Amino acid sequence: MPFVSIEQIAGHAGEEITVRGWLYNLRESGKLLFPQFRDGTGVVQGVVSLKESPEAFQALAGLTQESSVEVTGRVRADSRAPGGHELQVTGVAVVQKIPESDPYPIQLKEHGVDFLLEKRHLWIRTPRQAAILRVRDQSIFAAREFMHQQGYALTDSPIFTPSACEGTTNLFEVAYMDDQKAYLTQSGQLYLEATAAALGKVYCFGPAFRAERSKTRRHLTEFWMLEPEAAFAHMDDMMALAEGLISYMISSVVEHCPGPLATLGRDVERLNAVRPPFPRIPYDEAIEILHRSGNQTPWGEDFGGDEETILSSQYDRPVIVHRYPASIKAFYMEPDPERPDLALGFDILAPEGYGEIVGGGERISSLELLVQRLREQNLPEEAFSWYLDLRRYGSVPHAGFGLGIERTIAWITGVEHIREVIPFPRTIYRISP
RNA sequence: UGGGGCGUGGUCCAAUCGGUAGGACGCUGCACUGUUAAUGCAGACGGUGGAGGUUCGAAUCCUCCCGCCCCAGCCA
């Protein structure tokens with residue numbers, strides 16, 4: 001008897017197959033049972049009659065939620081079944097029955113956030129959570145596929161680092177190395193600038209750690225970031241790469257995850273609108289738009305959640321804001337040659353209030369200017385000596401950006417909170433499970 | 001780190017002015033041949049986050065502590 005995954009079941013109508021999975025729910029109606037099985041790819045309803053399949057009926061009657069099973073039966077199209085197909089069960093092998101004395105804790109009812117996060121290791125079994133993780137998988141696969149197609153080589157950055165990318169305040173210290181302090185990385189960028197000078201076009205994809213006391217729906221303590229970096233590239237090249245990357249991720253998810261998107265109730269039309277080019281607005285113009293909208297943010301200040309929402313709500317696709325005041329950007333940002341008070345940096349704001357999903361720009365290539373900026377910021381020059389080597393030996397214009405995977409996936413899936421788009425979220429108040 | 005909010009059976013909620021802490025789900029049993037988080041009937045288990053205080057009496061009022069949620073800042 002062939003094993004068939006539930007997402008493939010419609011293609012096996014009329015055949016006898018075996019499904020391996022878990023009992024998602026059981027409705028009993030006299031001498032008829034309606035068990036629902038899930039296997040991680042979907043949910044299918046079974047039907048068992050006492051008269052026709054007494055042994056299967058006895059095996060399933062009273063079986064507890066989430067007990068593991070292998071069930072055999074004939075697939076039949078039936079409009080009364082959720083999903084359009086059901087399994088006429090003829091054989092049941094119970095792999096493990098959950099005892100009634102200790103039932104599965106997550107009901108098919110509403111639960112509170114705290115309870116669900118305490119049971120995250122079980123919560124991910126629910127169809128909605130599984131659909132989100134399915135989209136996460138496809139998004140990351142598509143992102144890596146796109147980067148590879150564009151000629152970018154994966155050169156992952158270290159997780160343990162000796163110093164900060166932009167200061168030490170937000171770093172997690174690790175008490176392990178004997179002689180000097182070690183920290184968990186908050187960005188792979190500095191190392192990517194080195195590998196970009198080695199291989200030309202590179203990227204890394206891995207976790208980043210921020211010891212910020214952020215407790216909003218857009219923040220995690222541990223999140224994943226995709227960071228490209230390219231030698232001889234300028235800010236415009238990176239804006240084009242980012243919009244191509246994001247558009248590719250979206251179209252790949254729309255193409256390969258119709259089931260999960262339907263489970264999530266995501267409006268696919270809004271995703272289909274996301275195609276290049278994305279609107280590009282200079283910071284100066286963004287300030288004007290804000291002022292016209294009644295927001296009085298003065299020139300020279302960075303944007304907060306309110307400002308991001310005003311700007312992004314004007315468009316049906318992500319919006320790129322570029323050329324920010326240099327004073328509010330990182331020390332390594334290349335100044336605009338025409339306006340030295342501006343930095344050649346850009347952010348991409350996702351639609352629908354999901355906020356900043358990309359931050360990046362062009363890096364300073366001049367040794368003298370970089371040293372000057374380090375001193376202005378009171379950063380320890382010796383800790384950056386290898387980084388300065390990149391400007392000593394064959395320095396070139398180069399640029400890159402970081403894309404926050406969880407924020408991007410939260411937007412693609414349409415979920416309220418970023419904590420649902422990573423299997424085991426880490427926040428300031430949660431390290432378990 | 002600031003501002004706001006919430007902690008009641010395993011879960012989700014209710015409890016009027018300070019007056020015997022209750023319901024639903026879940027679990028058990030029975031009924032039901034097309035259920036859609038099935039339904040109906042019956043049953044069992046089980047709780048006020050913690051420590052003080054006020055009071056004849058505290059889930060309710062006060063103080064402190066703990067846990068969590070939301071917002072801001074920071075950022076992706």
Side-chain angles (χ1 to χ4, degrees), chain A residues 24-36 43 45-53 57 61-62 64-66 76 78-84 86 88 98-119 122 126-128 165-167 169-170 186-189 206-227 242 301-308 328-330 347-350 354-360 401-411 416-419 421-422 427-430:
Chain A
Y24 175 63
N25 192 21
L26 177 65
R27 299 190 191 94
E28 301 185 66
S29 179
K31 295 177 178 57
L32 262 191
L33 300 179
F34 297 97
Q36 290 186 303
V43 176
Q45 172 169 288
V47 58
V48 199
S49 98
L50 175 61
K51 195 173 167 185
E52 292 169 21
S53 307
F57 187 98
T64 43
Q65 183 192 0
E66 283 300 314
R76 193 187 62 192
D78 192 312
S79 60
R80 292 168 298 188
E86 67 182 12
Q88 289 183 284
I98 298 177
E100 290 86 352
S101 58
D102 186 18
Y104 185 71
I106 298 182
Q107 304 176 22
L108 275 56
K109 297 280 180 180
E110 287 179 19
H111 293 287
V113 171
D114 193 41
F115 173 76
L116 290 171
L117 285 171
E118 291 290 344
K119 303 289 183 194
L122 304 175
T126 60
R128 179 184 153 81
C165 180
E166 305 170 28
T169 50
N170 296 332
Q186 58 181 186
S187 164
Q189 184 202 315
F209 307 87
R210 303 272 169 91
E212 298 158 352
R213 287 182 176 76
S214 302
K215 295 175 292 184
T216 77
R217 80 183 88 163
R218 302 190 310 277
H219 287 88
L220 293 170
T221 299
E222 176 183 326
F223 66 98
W224 286 65
M225 192 156 59
L226 189 150
E227 297 177 273
E301 272 190 22
D302 208 352
F303 301 142
D306 289 348
E307 290 75 32
E308 287 180 0
I328 56 172
K329 285 294 174 184
D347 289 345
I348 301 184
L349 310 177
Y354 284 93
E356 184 184 335
I357 55 174
V358 165
F401 64 84
L403 176 134
I405 282 290
E406 282 79 16
R407 285 190 186 172
T408 305
I409 295 168
W411 163 49
E416 277 288 308
H417 201 297
I418 195 172
R419 66 186 160 218
V421 308
I422 188 167
T427 64
I428 188 166
Y429 289 135
R430 192 164 300 278

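For clarity, every value in this text was computed on a predicted model and none was experimentally measured. In what follows, every chain begins at residue 1, and chains take the letters A, B, ... in the order their sequences are listed.
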Work out how far the [atom1] atom of [N] is from that of [M], and round it to whole angstrom.
N	M	atom1	answer
B:C6	B:C13	P	14 Å
B:A21	B:G46	C1'	13 Å
B:U48	B:G43	P	25 Å
B:C25	B:A44	C1'	15 Å
B:A58	B:G50	C1'	16 Å
B:G49	B:G67	C1'	7 Å
B:G18	B:C56	C1'	12 Å
B:G19	B:U55	C1'	12 Å

[X] [atom1] to [N] [atom2], straight-line distance once rounded to whole Å:
X	N	atom1	atom2	value
A:Ile106	B:G10	CD1	C1'	12 Å
A:Lys215	B:G5	NZ	P	14 Å
A:Leu116	B:C69	CG	P	12 Å
A:His111	B:G26	NE2	C1'	9 Å
A:Asp114	B:C68	CG	C1'	5 Å
A:Phe57	B:G34	CZ	P	13 Å
A:Asp302	B:C74	CG	P	6 Å
A:Leu26	B:G34	CG	P	16 Å

Does A:His417 place a side-chain N or O at less than 4.0 Å from the phosphate oxygens OP1/OP2 of B:C69?
no
Does a side-chain N or O of A:Arg419 approach OP1 or OP2 of B:C70 to a distance below 4.0 Å, or not?
yes
Mind checking if [X] touches a base, just sugar-phosphate, or nothing, with heavy atoms under 4.0 Å?
X	result
A:Asp78	base
A:Gln65	nothing
A:Phe115	sugar-phosphate
A:Arg128	nothing
A:Ala81	base
A:Gly304	sugar-phosphate
A:Pro82	base
A:Ile405	nothing

Which is more 5' along RNA chain B, the nucleotide nearest A:Glu307 or the one nearest A:Lys329? Just name the residue.
A:Glu307
Please tell me which of A:Ile328 and A:Val47 maps to the more 5' nucleotide of RNA chain B, matching each residue to the nucleotide holding its nearest heavy atom.
A:Val47
Side-chain touch [X]/[Y], heavy atoms, less than 4.5 angstrom:
X	Y	value
A:Arg430	A:Leu117	yes
A:Leu33	A:Val47	no
A:Gln65	A:Ile98	no
A:Gln88	A:Val48	no
A:Leu26	A:Phe34	no
A:Gln45	A:Arg27	yes
A:Glu301	A:Ile328	no
A:Pro105	A:Leu122	yes

Checking only heavy atoms, does the side chain of [X] share a donor-acceptor pair with the base of [N] at less than 3.5 Å?
X	N	value
A:Glu118	B:G67	no
A:His219	B:C75	yes
A:Arg217	B:C71	no
A:Arg218	B:G73	no

A:Ser49 side-chain N/O to A:Glu52 backbone N/O, donor-acceptor pair under 3.5 Å:
yes
Main-chain N/O of A:Trp224 paired with A:Glu406 side-chain donor or acceptor, under 3.5 Å
yes
Protein within reach of the bases, or only the backbone? For nucleotides 28-33 of chain B, mark each nucleotide 5' to 3' as B, S or -, using heavy atoms under 4.0 Å.
S---BB
5'-to-3' dot-bracket of RNA chain B (Watson-Crick, G-U; under 3.5 angstrom; crossing pairs as [ ]; | other strand):
(((((((..((((.....[..)))).(((((.......))))).....(((((..]....))))))))))))....
Among B:G34, B:G73, B:C25, the one nearest A:Gln107 by side-chain distance
B:C25
With a 4.0 Å cut-off, would you call A:Arg407 and A:Glu356 a salt bridge?
no
Answer yes or no: is there an ion pair linking A:Asp347 with A:Lys329, defined by an N-O contact shorter than 4.0 Å?
yes
Aro-ring/base stack A:Phe34-B:G34, d under 5.5 Å, angle under 30°:
no
